[in-house]
Protein chains: 2
Amino acid sequence: MSPPTHAGRTLRDRKRDRTRRALIAAAVDLFERRGYDGTTVADIAAAADVGTRTFFSYFGSKEELMFPDSQARVRAAVAAIAARRPSDRPADVLLRALRDVGATDGGLDDMVGRLTALRLRLIRTVPAVRGRALQLALAVQREIAGHLRRAFPAELDDVGAAALVGAFVGAVTGALQVLLEDPDTHNDPEYLRQRLHTAMDDVLRPWR
Amino acid sequence: MSPPTHAGRTLRDRKRDRTRRALIAAAVDLFERRGYDGTTVADIAAAADVGTRTFFSYFGSKEELMFPDSQARVRAAVAAIAARRPSDRPADVLLRALRDVGATDGGLDDMVGRLTALRLRLIRTVPAVRGRALQLALAVQREIAGHLRRAFPAELDDVGAAALVGAFVGAVTGALQVLLEDPDTHNDPEYLRQRLHTAMDDVLRPWR
DNA sequence: CAGCTTAGCTGCACTCAGTGCCATACTGCA
DNA sequence: TGCAGTATGGCACTGAGTGCAGCTAAGCTG
């Protein structure tokens, strides 16, 4: 699709990109070994060989490090809405957009699998990370609602679009909350996606 | 229904209750005058005439102070589910339960209005407070899902119930997000509730 | 290539949330 | 009245996050 991110233009950009990845890699490693609370920001910075102060010029907070690709998800959803066909109803478009958001995991090479699995675990267990995830979900939701409304101006108003998107995202979130408890879904994002998909079909049937 | 909270049994309980209210009152006052970030926990404790350390034996965190009645909301929802009639579908029960949750504001005398208005503003503007609100909403959602599933064992499974409740709560949350931006709804919870109600009816029509 | 400019790195000092510990004071109860 | 349990709050500490200022090195220009 678009040019991969790893070809930063200037030396500075490339170095910055490398440091960013190093921080994420170091954090994932430390979180897996010592746990989230057992790892300080200073530890992460030291492991990535940068000053503690520098960490905060890459990530606004410790939690933010777990969600490095949040913008990509928004873009995926917007693209799905833009690619709609004339026959699509709002719910159809929305369902496809959400599927694309869930499938978005690009931009971080090998790290992806480990990061995703770790993220799921930390969302379950660390309040600060769960809080951050929720806020991001809300932001994505808001963004999608805006685009959806513009795509269907005759059928949706501000509040209606927000409520509709909220219902769909809420269904996903609610189902996820239960599914993430299920030991079978741990460390198996594919199986998780499968079960989520069937649950969604079930709940959202009245709309389609 | 149940005896009001203000008649604490022992002297200790009454004193504890008074201190709790004093902390909330002091915090509301300071937040309104100096803002959330401009007020430290030490300030609040000093204004309520207790030690800083003691604050944390009443509230686990600074944000938690803004949600002193969270348990009451859960109880309201559970009561609404318990009071269902044989002819009710899950969606009917759920809609009534959510309405009751929204209407729950009891237990804090005069403070209620100011606290509610302040909370709405802080949820909009302070990330930490918004995060806490989201987590509480998720917890309530989870609780409701459990009760709803037990109330309709033939029609709902774990994941289905969670997804259904998630969809409804999500619709509320989504609509709220937009409505809270509207200046007309600031400081007017009743008008807010009205608009929320009509929006919900609209979005959830396919279910009823 | 030499020199100037500017962006990014980082140490330092600081604030504030939150915790563990312990001595003290007060309440409830016998 | 005396004992036991509990709330209190001071003290010291950790860790997240910020502002500042000096330095280094990348980028650009002639």
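Letters A, B, ... are given to chains in the order of the sequence lines, protein chains preceding strands, and every chain is numbered from 1.
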Within 45° of the six-membered ring axis of A:Tyr36 and under 6.0 Å from that ring's centre, is NZ or CZ of A:Lys62 located there? yes
Six-ring centre of B:Phe67, B:Arg73 cation under 6.0 angstrom, axis tolerance 45°: no
[Y]/[X] salt bridge by N-O under 4.0 Å criterion:
{"X": "A:Arg84", "Y": "A:Asp92", "value": "no"}
{"X": "A:Arg124", "Y": "A:Glu181", "value": "no"}
{"X": "A:Asp29", "Y": "A:Arg33", "value": "yes"}

Take the protein atom [atom1] of [X] and the nucleotide atom [atom2] of [N], then report the distance between them rounded to whole Å.
{"X": "B:Asp37", "N": "C:dA17", "atom1": "CG", "atom2": "P", "result": "9 Å"}
{"X": "A:Asp43", "N": "D:dT14", "atom1": "CG", "atom2": "P", "result": "14 Å"}
{"X": "B:Asp49", "N": "D:dG10", "atom1": "CG", "atom2": "P", "result": "10 Å"}
{"X": "A:Lys62", "N": "D:dT14", "atom1": "NZ", "atom2": "P", "result": "16 Å"}
{"X": "B:Arg18", "N": "D:dT8", "atom1": "CZ", "atom2": "P", "result": "12 Å"}
{"X": "B:Lys15", "N": "D:dA7", "atom1": "NZ", "atom2": "P", "result": "12 Å"}
{"X": "B:Phe59", "N": "D:dT8", "atom1": "CZ", "atom2": "P", "result": "12 Å"}
{"X": "A:Ile44", "N": "D:dG17", "atom1": "CD1", "atom2": "C1'", "result": "14 Å"}

Does one side chain, of B:Asp43 or B:Thr40, offer a donor that lies under 3.5 Å from an acceptor on the other? yes
Within the structure shown, what part of the strands sits under 4.0 Å from B:Thr39 by heavy-atom distance: base, sugar-phosphate, or nothing? sugar-phosphate
Within the structure shown, what part of the strands sits under 4.0 Å from A:Thr52 by heavy-atom distance: base, sugar-phosphate, or nothing? nothing
Which residue lies more 5' along DNA chain C, comparing A:Thr54 with B:Glu63 via nearest heavy atoms: A:Thr54
Enter the distance from B:Asp184:CG to B:Leu179:CG here, rounded to the nearest 0.5 Å. 10.5 Å
Pairwise N/O distances under 3.5 Å, protein to nucleotides 5-7 of chain C:
| from | atom 1 | to | atom 2 | distance (Å) |
| --- | --- | --- | --- | --- |
| C:dA7 | O4' | A:Arg12 | NH1 | 3.4 |

Closest to side chain of [X], choosing from [options]:
{"X": "A:Arg53", "options": "C:dC9, D:dA16, C:dG11", "value": "C:dG11"}
{"X": "A:Phe56", "options": "C:dG18, D:dA16, D:dG9", "value": "D:dA16"}
{"X": "B:Arg16", "options": "C:dG8, D:dT8, D:dG17", "value": "D:dT8"}

Which residue lies toward the 5' end of DNA chain D, A:Tyr36 or B:Tyr58, if each is placed at its nearest nucleotide? B:Tyr58
